[in-house]
Visitor: 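Mind having a look at this structure? Questions to follow.
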Amino acid sequence: MEGQPHTATKQPLRTSSLMEDIGQALSVQYNNLVYDMKAAGRDIITLSLGEAFFDLPLPAFDGLTTPGLHHYSHSRGLPELRRLLAKYYETRFALPVDPDTEVIVTAGSKAAIHMALMAILDPGDQVIVPEPYWLSYPAQIRMCRGEPVMVPHDVPVFDFERFITARTRAVIINNPNNPSGHIYTRAELVYLHELADRHGLLLIVDEAYNEFVPPGTEFLAAGALDPDKEHTVTVNSMSKNYGVSGWRIGYLIANQRLTDQVLKINQHLVTCAPTILAAYLAERFDDLLDITRPQIQHTVQLRNRVGTWFTDNGVDTLPGTSTFYLFASLGGSSLDSTEFAGRLLKESAISVVPGIGYGDSCDRYIRVSVGSESEDRIARGVAAIRDLVETTTPAHLAARPGSTSFAGGPNPGV
């Protein structure tokens, strides 16, 4: 009747079945929990955060000369920033880049990876993803209606061909690797390029940690082996190398046929990277690197000292020398990585990321990040990890050399 409330049964909101099957990014989920706990007054030793904290000057935007700072800029990216990024790759890694046609700057490298996948995948197409992978790769592939094909972490690069099918479209790698710190060797990259040539695949290479490499260690940009970019997409992040992860500035380098497709996606989803932030990075490009590079090296050195602390205390890590992460083994612990991380947070107020987030073959590991805490607090974290491994290991496995005292850290009394 007129004037009477509508009494028909309300239907529940319907959401995408695809998104219902995709979980949150595990590292972000854990860090959100840490933020909530800190807001409630808890002191959490945060070894889960995917960034390094640098001492940076507060940005002064009033000195910028780029016009239109409060307005849209070119959807390929601010031209001056594209030119500088092209020069960076050409001079540092011998990869020639046309800044007008082969670079897209967007809202973080995470978005750039997703856009590259959107541009190449049709429903049911497959992408090979070696474990441990950066944890968003499989979800992004699924969101593009593709199918990730996981490669267990103990399978050598030179055996990847057996995972290729008629539906395989790409291989995606993170070099240097988050979470292990592994740098792909020249031989491994040459093999991946040969695989791409032989099977008509795209090689997507996420190089977001390229500056986080120890002195004297060779880092080869994958695109340098494919200068015409026939099958290589390079993705990188100014957020990591400049210590401004919250700014969300990343970029993609590829041939024009692909960047033209990514450009359309960028226009429809983002329009452009934040103009004022891109202008600041362009006008302070070298100055900021001069500030962050020494701090990056300090962080990498700390990362490798922490690796020694783990070894001295009977905790193995996957081989690697770069980034600010370590992938620590749970050894003989009876806990899986989720249970271990949960207990570590609850009982010791220390956050790490469960290894299951980096692949099914990684459930016997946890990711430890050393980028945001002091050495003393990291040492306390290492001691707590060691102790929890020991207390959850059956007695006949618990006795191992070097496991009875904390060696090598700055605070051995913890």
Side-chain angles (χ1 to χ4, degrees), residues 27-28 30-32 34-35 38-39 42-64 66 69 81 84-85 88 92 107-110 176 178-179 181 207-217 219 236-251 273-274 276-309 321-326 350-353 367-382 409-411:
S27 60
V28 179
Y30 265 76
N31 285 317
N32 284 341
V34 169
Y35 297 146
K38 287 183 174 181
R42 294 286 304 277
D43 178 25
I44 308 297
I45 295 178
T46 307
L47 305 181
S48 54
L49 201 58
E51 60 179 317
F53 287 3
F54 299 146
D55 183 12
L56 295 172
L58 288 174
F61 297 120
D62 55 351
L64 299 182
T66 303
L69 291 175
L81 184 56
L84 288 164
L85 292 169
Y88 173 81
R92 193 166 177 84
S109 60
K110 186 180 291 190
N178 165 14
E207 296 181 345
Y209 298 93
N210 73 276
E211 291 277 351
F212 290 83
V213 174
T217 302
F219 172 79
N236 209 325
S237 164
M238 299 194 77
S239 302
K240 299 291 185 183
N241 294 330
Y242 287 76
V244 290
S245 57
W247 288 23
R248 313 311 303 138
I249 303 286
Y251 58 100
I276 193 168
L277 303 183
Y280 183 90
L281 289 169
E283 297 195 25
R284 308 283 194 274
F285 194 92
D286 292 319
D287 293 340
L288 284 171
L289 278 179
D290 288 342
I291 293 170
T292 60
R293 275 176 173 158
Q295 298 181 75
I296 285 173
Q297 286 307 311
H298 172 80
T299 303
V300 173
Q301 291 164 7
L302 173 61
R303 180 249 184 236
N304 289 322
R305 286 199 302 277
V306 174
T308 300
W309 301 349
T321 60
S322 301
T323 73
F324 44 82
Y325 306 110
L326 298 106
I350 295 164
S351 65
V352 296
V353 184
R367 191 189 76 171
V368 177
S369 171
V370 303
S372 62
E373 291 283 7
S374 68
E375 289 198 34
D376 178 71
R377 286 167 65 85
I378 295 168
R380 288 165 55 191
V382 172
N411 187 15

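All values derive from a computational prediction rather than experimental measurement.
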Visitor: Return the OG to CD1 distance between Ser372 and Ile378, rounded to the nearest 0.5 Å.
Guide: 7.5 Å
Visitor: What's the separation between atom CG in Asn236 and atom CG in Asn241, rounded to the nearest 0.5 Å?
Guide: 5.5 Å
Visitor: If I compare all heavy atoms of Val213 with all of Ser322, which pair ends up nearest, and what's the gap?
Guide: CA-OG, 3.7 Å
Visitor: To the nearest 0.5 Å, how far apart are OG1 in Thr66 and CG in Leu81?
Guide: 9.5 Å
Visitor: For Leu326 and Val370, what are the C-alpha separation, side-chain angles and deciding distance, and is it a side-chain contact (heavy atoms from CB on, under 4.5 Å)?
Guide: CA-CA 8 Å; Leu326 298 106; Val370 303; 4.1 Å; yes
Visitor: Taking side chain to side chain donor-acceptor pair (under 3.5 Å) as the cut-off, I'd like each qualifying pair that reaches into residues 291-304, sequence neighbours left out, listed once.
Guide: Glu211-Arg293
Visitor: Assess whether side-chain contact (heavy atoms from CB on, under 4.5 Å) is satisfied between Val353 and Tyr325, documenting all intermediate values.
Guide: CA-CA 11 Å; Val353 184; Tyr325 306 110; over 6 Å; no
Visitor: Distance from Leu85 atom CG to Leu281 atom CG, nearest 0.5 Å?
Guide: 9.0 Å
Visitor: What donor-acceptor contacts under 3.5 angstrom involve side-chain atoms of residues 48-56, with partners at least two apart or in another chain?
Guide:
unit_1	atom_1	unit_2	atom_2	d
Ser48	OG	Asn31	OD1	2.6
Ser48	OG	Ser351	OG	2.9
Glu51	OE1	Ser245	OG	2.3

Visitor: To the nearest 0.5 Å, how far apart are CG in Leu289 and CE in Met238?
Guide: 7.0 Å
Visitor: Mind checking whether Tyr242 and Trp247 have ring centres under 6.0 Å apart?
Guide: no
Visitor: Under a 4.0 Å threshold between the charged nitrogen and the carboxylate oxygen, would Arg377 count as salt-bridged to Asp43?
Guide: yes
Visitor: Which atom pair, heavy atoms only, marks the closest approach of Lys38 to Ile44?
Guide: CE-O, 3.8 Å
Visitor: I'd like to know if the side chain of Tyr88 pairs up with that of Asn210 as donor and acceptor (distance under 3.5 Å, no hydrogens or angles considered).
Guide: yes
Visitor: Are Ser109 and Lys240 linked by a side-chain donor-acceptor pair shorter than 3.5 Å?
Guide: no
Visitor: For residues Arg284 and Leu64, determine if any side-chain heavy atom of one lies less than 4.5 Å from a side-chain heavy atom of the other.
Guide: yes
Visitor: To the closest 0.5 Å, what do you measure between CD (Glu375) and CZ (Arg380)?
Guide: 14.0 Å
Visitor: Which heavy-atom pair separates Ile249 from Ala273 by the least distance, and what is that distance?
Guide: CD1-CB, 4.0 Å
Visitor: In the structure I gave you, are the side-chain heavy atoms of Thr321 and Pro176 within less than 4.5 Å of one another anywhere?
Guide: no
Visitor: Any idea which heavy atoms bring Asn178 and Arg367 closest together, and the distance?
Guide: OD1-NH1, 3.0 Å
Visitor: Which atom pair, heavy atoms only, marks the closest approach of Thr323 to Val300?
Guide: O-CG2, 3.9 Å
